[in-house]
Amino acid sequence: MTQNPYNAVIHLGHSNGTVSLWSPAVKDPLAKILCHRGGVRAVAVDSTGTHMATSGLDHQLKIFDLRGTFQPLSTRTLPQGAGHLAFSQRGLLAAGMGDVVNIWAGQGKASPPSLEQTYLTHRLSGHVHGLQFCPFEDVLGVGHSGGVTSMLVPGAAEPNFDGLESNPYRSRKQRQEWEVKALLEKVPADLICLDPRALAEVDVISLEQEKKERIERLGYDPEAKAPFQPRPKQKGRSSTASLVKRKRKVMDEEHRDKVRQSLEQQLQKQEKAAKPMGVWPSALDRFVR
């Protein structure tokens, strides 16, 4: 089990070879991905949340695209299944297989690691029990049956850090202030979803339904354009006949504007239908009747 750092969705591997994606707001899994023919041994997601690496009992190591397609980008057969996986801040993938640790690198932070050629290989004195990259340092910590080993992995960490988001050199007081700020700005668990960008979009259906219910409750549309009410003029010029005449004049003008707009739209549709595709307009078309 692992968490996607981009959208906080939990990735859970199962014994039937599938990986399910879970959110606290939904009782059923958001998605199910068939990854391996055997049980899933390890799951890891990179820092960008776009790629997921899985290893199974079928000795397969796969990298999947999480941007809506959930299709495998690359596959590699290993001598034995990888029991531990870990992504670095720059997208390097480390896999622990028995007493060997292999590391694969990609073209950059946004690109998946290439499984064709190994970037680094290291043999330990015991079987691997855990992997973890150190943030902002090119160091990989490996726990094995013989103790703990620190591997130097050039290019694994992020060289430039944002001091306002995660400062590795912050003091104790700064750490306390950061914890309080993180608690105040914590996003509710109900908003966890596959695409966090959907939270900034407008739900048109809900808005229309809310507007309809408001009209039914009030008995009128409060956002509708108010009817024209002429202002009272000087004495002798605000008779009932003159008020009715001014109202009718405004209604006629609005009706003419609507008719003019509909005619213009019809003419535009006719021009688009009559003009063949791929023909450029001529400067002499303005004189054609």
Side-chain donor-acceptor pair present, T77, Q60, cut-off under 3.5 Å | yes
Going only through I, L, V, M, F, W and Y residues with side-chain contacts under 4.5 Å, is there a path from Y6 to L194?
-> no
Do H144 side-chain atoms and G146 backbone N/O form a donor-acceptor pair below 3.5 Å?
-> yes
Got T121 and N102 here, is their nearest side-chain heavy-atom distance under 4.5 Å?
-> yes
Any T118 side-chain heavy atom under 4.5 Å of R76 side chain = yes
Got a second to check how far L78's CG is from H59's NE2, nearest 0.5 Å?
-> 8.5 Å
Shared ILVMFWY cluster between V153 and V142, side chains joined below 4.5 angstrom?
-> yes
More than 12 heavy atoms of other residues, nucleotides or ligands under 6.0 Å from CZ of R170: is that the case?
-> yes
Taking C-beta and beyond as the side chain, do V43 and M52 meet within less than 4.5 Å on heavy atoms?
-> yes
Is the side chain of T2 donor-acceptor paired with the backbone N or O of H11 at a distance under 3.5 Å, no angle test?
-> no
T50 and R67, any side-chain heavy atoms less than 4.5 Å apart | yes
Atom CD of E116: over 12 foreign heavy atoms under 6.0 Å | no
From CA spacing to verdict: side-chain contact (heavy atoms from CB on, under 4.5 Å), V19, L12 = CA-CA 5 Å; V19 174; L12 184 62; over 6 Å; no
Distance in Å, L21 CG paired with C193 SG, rounded so as to fall on 0.5 Å steps | 12.0 Å
Test side chain to side chain contact (heavy atoms under 4.5 Å, CB included) applied to S55 and R41, K62, M97, the passing residue | R41
Is L131 reachable from F87 through a run of I, L, V, M, F, W or Y residues, each pair having side-chain heavy atoms under 4.5 Å apart?
-> no
Check R37 against D58 and note the closest heavy-atom contact, atom names and distance.
-> N-OD2, 3.2 Å
What's the spacing between I192 CD1 and L30 CG if we round to 0.5 Å?
-> 9.5 Å
Working for salt bridge (Lys or Arg N to Asp or Glu O under 4.0 Å), residues K249 and D252 = CA-CA 5 Å; K249 182 179 179 181; D252 293 341; over 6 Å; no
Side-chain heavy atoms of L93 within contact of H51, under 4.5 Å | no
Counting heavy atoms not belonging to Q3, are there more than 12 under 6.0 Å from its CD?
-> yes
Quick one: pull up CH2 in W22 and NZ in K27 and give me the separation to the nearest 0.5 Å.
-> 12.0 Å
Kindly give the heavy-atom pair with the smallest separation between F161 and S166, and that separation in Å.
-> CD1-O, 3.9 Å
Nearest non-hydrogen partners of V45 and P5, listed with the distance | CG1-CD, 4.2 Å
May I ask you to test the Y119-P154 pair for a side-chain heavy-atom distance under 4.5 Å?
-> yes
Report the distance from atom CZ of R248 to atom CE of M251, rounding to the nearest 0.5 Å.
-> 8.5 Å
Looking at A82 and A42, what are the two nearest heavy atoms and their distance?
-> O-CB, 4.1 Å
All heavy atoms of S145 vs all of G126, minimum pair found to be OG-CA, 3.1 Å
With the 4.5 Å side-chain cut-off for hydrophobic clustering, are L120 and F133 part of the same group?
-> yes
Mind jotting down which residue pairs meet the side-chain hydrogen bond (donor to acceptor under 3.5 Å, both in side chains) criterion with at least one end in residues 173-195? Sequence neighbours excluded, please.
-> D195-R197
If you take all heavy atoms of E158 and N160, which pair is closest and at what distance?
-> CG-O, 3.1 Å
Please check if atom CD in E253 has more than 12 non-hydrogen atoms from other residues, nucleotides or ligands closer than 6.0 Å.
-> yes
Is there a side-chain contact between M151 and I103 (heavy atoms, below 4.5 Å)?
-> yes
Count the heavy atoms belonging to other residues, nucleotides or ligands that lie under 6.0 Å from NE2 of H127, then report whether that count exceeds 12.
-> no
Taking the side chain from Q89 and the backbone from F136, do they hold a donor-acceptor pair closer than 3.5 Å?
-> yes
Verify same cluster id: L140, L124 (apolar side-chain graph, 4.5 Å) | yes
So how far is it from L115 CG to I63 CD1, rounded to the nearest 0.5 Å?
-> 4.0 Å
Measure the shortest side-chain to side-chain distance between D99 and R123 over non-hydrogen atoms and say whether it is less than 4.5 angstrom.
-> yes
